[in-house]
Each structure stands twice: as C-alpha cells, then as structure tokens.
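What you see is a predicted model; the values in this text were computed from it and never measured.
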Amino acid sequence: MKRQRLDCDVLVVGSGPGGATTACLLAEAGHDVLLVEEGRNLSLDSAVPYSLDEIDQKYRNGGLTPSFGKTNVTYIEGRCVGGGSEINAALCHPPMPETLEQWKVIYQIDEFGEKALAPYLEDVFRDLTVSFLPYELGPASRKIKEGADAMGWKSEEVARFWHYPEKCDSHEKGSRQSMTATMVPRALAAGCRLRSRTRVRRLGLKGHRAVFADAVSRGPDGTRQALRIHFEQVFVCGGPIQTPTILRRSGLKGKVGKGLTMHPMLRMPVRFDEEVNDPSYGVPVQQVVEFKPQLTLGCSNASLPHLVMWLGGQVQDRERKLAEWRKMALFYVLVMGTRRGFVRSLPGTEEAFAYYPINDEDLALLVEGLYRLGKMLFAVGAKEIFSPVAGAASITDERDLGILRTGLPQGKMSISTIHLFATCPMGGDPRRAVVDSFGKMLDMDNIWINDASILPAGTGVNPQATLMAVARRNVARWLAARGSR
Amino acid sequence: MKSPKHRKRHFPGLDAAVSSLVETMVAEAQGADDVMDPEALDRTRATMHRRLQMMPRFLGIPMIGATLVFDWGGVLASGLPFHRQSAAQRRKQLETWRKSSIGFLVNFVDFYEKMAKFTYFYELHERKEQRDEEVSG
Ligand SMILES: Cc1cc2nc3c(=O)[nH]c(=O)nc-3n(C[C@H](O)[C@H](O)[C@H](O)COP(=O)(O)OP(=O)(O)OC[C@H]3O[C@@H](n4cnc5c(N)ncnc54)[C@H](O)[C@@H]3O)c2cc1C
C-alpha cells in the first residue's frame with residue numbers, strides 16, 4: 001500500500017463533542033486544522049433514531065462491546081462524524097458544583113470549579129441551543145414527576161441539546177443539536193479540513209514530541225489507503241476508550257488508560273393501565289435528582305423492539321403485553337461507579353479491551369435504585385414491573401418489591417453504560433494524572449487530550465455539557481498561550 | 001490503493017446454528033398462535049451474522065466458538081445438534097444454559113435473546129411502518 005502524505009498545523013483525532021469543539025474553536029482562531037474521524041460523515045436523518053440502520057451506521061461494534069469484570073458491563077460508543085452526540089439522548093445536565101469543587105481539590109486541578117467553568121458552559125448552552133420542552137411533559141416523564149412528588153423526592157426536567165421552532169408542539173418538529181448540526185459545520189466554514197472514514201492507528205514520536213500520525217482511510221467500496229499525517233500539535237479526542245488505545249499503541253503507556261470509570265445502569269420495563277409511551281414527546285426528560293450524584297432514576301426511549309428486548313424471557317402472556325406496548329415504558333437506574341478499571345490495546349488486533357471491576361457496593365446501589373424506582377412507580381399506578389434478570393418473575397404487588405433488594409443474582413443482570421470517563425485524567429497530581437490541568441499530556445510537548453477521558457471521575461450527571469465546557473476551557477488556554485483568541 | 005480486505009469469518013455449521021437460535025428465540029417471544037414472518041426472520045438471521053462479524057475479534061471469535069459448541073453440545077443431551085432438535089428439546093437446552101452458574105453461558109444466551117428479539121420485532125413493526133410511509137408518501 002503506497003502511503004499518502006498529509007500536512008497540517010494541528011491534527012484533531014476524533015470528532016465527538018470533545019474533538020468537534022476543539023477543531024471548531026482552533027479553526028475559528030485561524031489555525032490550520034485537520035479533523036480526522038474513523039466513522040462516516042452522515043447527516044442526522046441518514047437513519048431513524050434508535051433504529052437498526054442507525055446502529056449499523058453510527059455505533060462502534062454494532063453497539064455491543066462488553067467491559068470485562070466479575071459482572072460484564074456492555075458499553076456503547078458512537079463511531080461517526082459527531083461521535084456520541086449523534087446517537088445520544090441529547091440530555092444536557094450542567095455539572096454539579098460540588099462535583100467540580102471536589103475534583104479541583106482531589107485531583108489538584110488549577111483554575112477549576114463552578115465559577116471557572118461557568119462562562120464556557122454558557123457558550124455550550126448558546127452554541128447548542130440548550131432548551132427545555134416548549135410543550136408539556138410526556139406521559140412517562142409525568143409518571144416520574146408525580147411519582148417523585150408522591151415520595152417526597154426532588155425531580156426535575158433535564159434540558160436538551162435541541163432546537164425547537166416557535167409554536168412547537170411535538171418533538172419531531174425540533175432538531176437535535178449534535179456536532180454535525182453545530183460545531184462541525186462551523187469548523188468547516190472556518191477552513192478546517194475533515195477526513196472521515198480515517199482511523200488513526202498510532203502517533204509517531206521523536207523524543208518528547210509527536211511528529212506524525214499513521215492512519216488508514218477506507219473508501220466507500222472498502223478500499224484502503226495508508227496515510228501519514230505530519231503536524232505541529234495534536235489533540236487526541238477519540239473518546240474514553242479509544243484515546244488511551246491510540247496512545248498506548250503509540251508507546252505512551254504508564255498511567256494511560258488506567259483510571260476507567262463509568263455510570264453503570266440497569267433498565268426495567270414497567271406496565272401501567274393507561275398509555276405512558278408516546279414517541280411524539282421524544283426521549284423522556286424528567287429525572288429523579290434527589291439521590292444525585294450517586295443515583296439517578298429516569299426513563300429512556302422505548303419502541304416496541306426495545307421493550308421486547310428488555311422484557312427478556314420472563315414474559316408469560318406476551319401477546320397481550322406486546323399488544324399493549326404503549327402502556328409500557330423503560331425506566332432506568334444509573335449509579336456513579338466507584339471502582340477504577342483499565343483500557344488496553346490488544347496486541348495483534350489493535351482493538352480496545354476494557355476491564356471494569358464493578359463491586360458489591362455499586363451493585364447494591366443499582367439494586368437499591370430499582371427498589372426505589374419500583375416504590376415510586378407503584379405509587380403512581382404501575383401494574384407490573386419486569387425484573388432485569390432473565391427468567392425472574394415480574395412483580396405485580398408492591399409488597400413483593402423487596403425481592404429486588406435481596407434476590408437479584410449478580411451475574412445475570414444486563415448492566416450497560418453510556419457514560420465513560422477518566423482513562424487519561426487531568427490534574428496536578430502526578431500519581432494519577434495523564435494530562436495537566438489544561439489537557440496537555442505530561443512529559444510530552446505537543447500532545448493534548450480533550451475529550452471525556454480527561455474528566456477525572458464520573459460526573460454523576462449526563463456528561464456531554466461538562467466535557468464540552470472543559471474542552472472549551474482547554475482550547476481557550478491553548479490559544480491564549482499562543483497569543484490568539 | 002489496496003483492494004478491499006474483508007474480515008469476514010466463515011465457519012462451517014455456523015449458519016445452521018445461528019438460524020436455529022434465532023428461530024427459537026423469536027418463537028419464545030411471540031404468542032403461541034403467531035406465525036413467524038419469513039421475511040423478518042430472514043433479515044434477523046442476516047443481522048445476527050453481521051453482528052457477529054462486527055464484534056471486536058477478542059469477542060467475536062469466542063462468540064462464534066460458543067455458538068458452535070452450543071449447537072453441537074446438544075448431541076450430548078439429546079443425541080442431536082441444536083439445529084436438528086425439536087422445539088421442546090431446543091427450549092430445554094436453552095433453559096440449561098440460561099440457568100447455568102457459568103456467567104459466559106448466561107451472557108451468551110442473553111446476547112442472542114436480546115439481539116434476535118430486538119431485530120425481529122424491529123423488522124416486523126418499525127421497518128414495515130417505514131416502508132408503508134415510503135409507499136404512501
Ligand atoms: C447511547 C448514548 C446516549 C447518551 N446520552 C447522553 C445524554 O443524553 N447526555 C449526555 O450528556 N451524554 C450522553 N451520552 C454520553 C456522551 O455522548 C459522551 O459522553 C460523549 O459523546 C463523549 O464525547 P467524546 O468526545 O469524549 O467521545 P465520543 O463522542 O466517543 O467521540 C469520539 C470520536 O472519535 C472517533 N475515533 C475514535 N478513535 C479514533 C481513531 N483511532 N481515529 C479516528 N477517529 C477516532 C470515534 O469514532 C468518535 O466519533 C450518551 C452516550 C451514548 C452512547
């Protein structure tokens with residue numbers, strides 16, 4: 001394969017919320033930026049959201065990659081221009097001030113905290129038209145709100161990265177403000193070059209500098225082209241699993257990949273007597289925030305195929321239940337994982353291998369979350385709760401909810417996650433940090449990391465807003481150091 | 001330019017094993033009197049094959065291996081590989097794996113179950129709705 005050469009001042013690897021933000025701001029400041037993305041460059045409407053086509057087009061490994069441990073946790077990563085922002089629920093939760101203050105102290109992050117991040121968050125909210133629903137809450141969200149009220153718990157509507165036109169009465173009339181709708185077109189308008197279907201395999205190092213990236217570009221017909229990209233500075237933004245994999249393949253090991261943490265999550269279908277599942281309202285937006293950041297209760301999108309999938313094998317009279325699928329919704333419990341795992345690049349395959357040792361406390365909290373969710377939903381008329389354990393009987397009487405606390409066999413629960421963090425944590429503590437307080441890789445002169453892998457721990461809330469604000473802050477510092485704004 | 005290099009893996013017996021697993025899972029999820037939709041079933045089989053190919057190698061190869069072991073493991077229990085068993089025998093073999101104390105076996109069944117059901121019902125309902133919309137619109 002004859003290798004092609006490309007040159008740029010700044011190479012940005014990965015076009016998710018971290019990479020797209022980085023590329024956009026650098027290009028707008030007049031830098032010569034090349035943005036390289038492994039996945040395809042697709043429009044938002046190239047596939048129906050949450051469809052099989054979308055999974056094929058935009059998810060890595062068909063959306064099914066397990067991290068290994070005592071109990072495996074399946075994680076999902078986007079792989080397309082825009083990364084996770086193209087497939088996620090677009091829920092925008094600002095970081096909790098106490099989390100930021102804790103990070104500042106524990107991880108010794110300079111110029112950090114609620115106040116320091118506030119202007120960057122404001123920019124994110126403006127650029128991605130973060131909005132609350134312009135119409136009333138949908139029925140599943142209302143169940144959460146009323147249930148939380150009945151229990152005396154605090155719940156709130158989470159805003160979304162979503163643009164709603166005036167007089168909007170349905171979710172379909174609004175539009176997702178993902179990276180392909182916002183930061184990527186802005187980056188391109190400012191002169192950034194984009195190479196999709198191009199996977200960076202490794203960085204070439206010379207002393208304390210990275211001098212080139214070896215990449216492989218794939219044509220639509222599967223033809224492959226080797227590339228060597230020469231640059232002055234590189235921002236690695238492949239996401240919390242791929243970023244450490246690229247770095248480790250490049251020979252940068254040490255603490256890289258070691259701090260992996262996540263928000264493990266369990267889903268639970270629940271049936272009511274009335275219709276609670278109305279897709280015209282979009283993703284349910286209400287969350288119980290009473291127990292945040294450790295524990296969040298909410299509801300996800302649930303089409304008929306999703307419900308069938310999560311109903312597992314335990315449903316006895318499926319015909320009746322499936323005929324009534326609009327009366328069912330898919331609720332979830334999400335916890336802030338307390339353990340640390342790692343990510344490695346598997347020799348020979350160039351694939352990422354993730355290990356996350358979920359522990360008994362995390363599992364106990366997940367199960368406790370299910371119990372509380374059950375209590376809350378029975379309080380607002382739930383008729384049947386389907387255990388997340390394949391083969392377990394459903395619960396139709398509130399008094400039987402205790403089984404969720406005591407009787408769930410660990411290895412048999414389908415635990416998944418969509419929020420991953422901390423494989424290249426930032427900060428001033430050299431025992432933990434991979435990058436400094438502003439994303440520059442320690443001991444390297446020109447490698448920067450600017451995605452969710454630098455967040456030093458789980459956010460306890462939907463993380464995209466936090467990571468985009470941090471990414472903006474780091475780019476601002478980078479530009480200031482070079483005399484540009 | 002190098003010509004396309006596919007990482008497709010071909011394993012004898014895999015088609016039969018995957019197809020029979022898919023059929024059994026879909027039958028479980030349907031009502032007793034429901035007739036399977038052959039087109040949706042075909043698409044589900046094809047999608048399952050694609051999923052196995054899309055998995056990272058460290059997972060895809062063990063999953064393919066486990067699928068073949070599952071299929072031929074039926075010989076020990078009932079004298080026939082899973083794909084040649086009766087519906088009742090298949091259900092029994094699935095239950096044995098589902099209830100196993102070995103996490104991998106449970107995860108294996110869980111994977112096929114979730115994917116087959118999701119895909120089949122997706123093909124049956126959502127895809128049909130999309131096609132109807134295209135025709136009418
Ligand atoms: C299903 C789902 C729902 C979610 N819902 C929400 C939500 O509602 N709200 C919220 O705040 N967060 C949500 N998240 C999480 C959020 O999407 C992620 O935290 C965010 O996308 C992480 O951004 P990132 O830039 O770190 O990485 P990513 O979004 O993962 O982007 C990394 C990009 O880099 C590319 N890449 C990787 N390796 C290479 C390589 N070697 N060469 C070239 N390119 C490469 C990838 O293909 C990818 O496009 C959700 C995530 C998922 C998966």
Side-chain angles (χ1 to χ4, degrees), chain A residues 1-2 4 48 50-53 55-56 59-66 68 70-72 74 216-219 221-226 303-313 315 317-323 325 346 348-354 389-391 409-414, chain B residues 1-7 25-34 43-44 46-48 50-61 63 91 94-95 97-107 109-111 113-127 129-130 133:
Chain A
M1 200 176 357
K2 193 165 177 305
Q4 211 180 61
V48 174
Y50 306 105
S51 67
L52 267 179
D53 296 329
I55 293 173
D56 279 349
Y59 287 47
R60 185 178 295 276
N61 300 334
L64 291 165
T65 326
F68 293 91
K70 192 164 81 180
T71 298
N72 298 349
T74 306
V216 178
S217 189
R218 269 177 200 278
D221 58 354
T223 49
R224 301 193 313 156
Q225 171 67 58
S303 64
L304 171 65
H306 283 100
L307 281 166
V308 181
M309 178 166 83
W310 291 104
L311 279 169
V315 190
D317 48 353
R318 289 182 194 89
E319 295 132 286
R320 180 178 63 80
K321 289 189 178 118
L322 295 178
W325 73 273
L346 280 187
T349 67
E350 298 203 348
E351 284 163 348
F353 175 89
V389 176
Q410 291 183 2
K412 299 195 176 179
M413 289 190 279
S414 291
Chain B
M1 287 262 184
K2 204 167 174 181
S3 63
K5 187 174 157 194
H6 296 292
R7 10 172 240 165
M25 298 295 189
V26 169
E28 276 192 341
Q30 294 219 120
D33 303 327
D34 287 342
R43 286 171 178 267
T44 307
T47 304
M48 288 303 290
R50 214 169 50 248
R51 288 278 171 272
L52 288 173
Q53 303 288 345
M54 283 168 106
M55 282 181 174
R57 241 169 282 191
F58 68 82
L59 184 65
I61 292 178
M63 279 302 282
R91 272 200 301 275
L94 269 177
E95 275 316 295
W97 278 50
R98 261 191 199 119
K99 293 199 172 120
S100 165
S101 53
I102 303 169
F104 181 79
L105 306 190
V106 178
N107 290 341
V109 177
D110 193 49
F111 163 77
E113 183 156 359
K114 287 213 163 61
M115 283 313 300
K117 288 178 181 173
F118 176 75
T119 311
Y120 180 78
F121 281 89
Y122 179 79
E123 294 295 348
L124 204 60
H125 292 264
E126 316 271 307
R127 185 89 76 196
E129 268 179 29
Q130 283 169 33
E133 260 173 38

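- When heavy atoms are compared at a cutoff of 4.5 Å, B:Thr119 approaches chain A by way of both its backbone and its side chain.
- Contacts between A:Ser51 and chain B at a heavy-atom distance below 4.5 Å involve backbone atoms as well as side-chain atoms.
- In terms of heavy atoms, B:Met54 sits closest to A:Asn61 at O-OD1, 3.4 Å.
- Contact annotation: the side chain of B:Tyr122 never approaches that of A:Ile55 to less than 4.5 Å [non-hydrogen atoms, C-beta and beyond].
- Minimum interatomic distance between A:Leu52 and B:Glu123 (heavy atoms only, all atoms of both residues): CD1-OE2, 3.7 Å.
- By the ring-ring contact (aromatic ring centres under 6.0 Å, His included) test, A:Phe353 is found to be paired with A:Phe68, B:Phe58, residues two or more places apart in sequence or in another chain being considered.
- Your options are A:Val48, A:Thr349, A:Asp53, and the one with the most heavy-atom pairs under 4.5 Å with chain B is A:Asp53.
- Of the two parts of A:Ala226, neither the backbone nor the side chain holds a non-hydrogen atom closer than 4.5 Å to a non-hydrogen atom of chain B.
- Atoms CD and CE, from A:Glu351 and B:Met55 in turn, are 11.5 Å apart once rounded to the nearest 0.5 Å.
- Put simply, of A:Thr65, A:Asp56, A:Leu346, the one with the most heavy-atom pairs under 4.5 Å next to chain B is A:Asp56.
- For B:Phe111, the ring-ring contact (aromatic ring centres under 6.0 Å, His included) test picks out no residue, with sequence neighbours left out.
- Contact detail for A:Ser414 and B:Lys114: the closest heavy-atom pair is OG-NZ, 2.7 Å.
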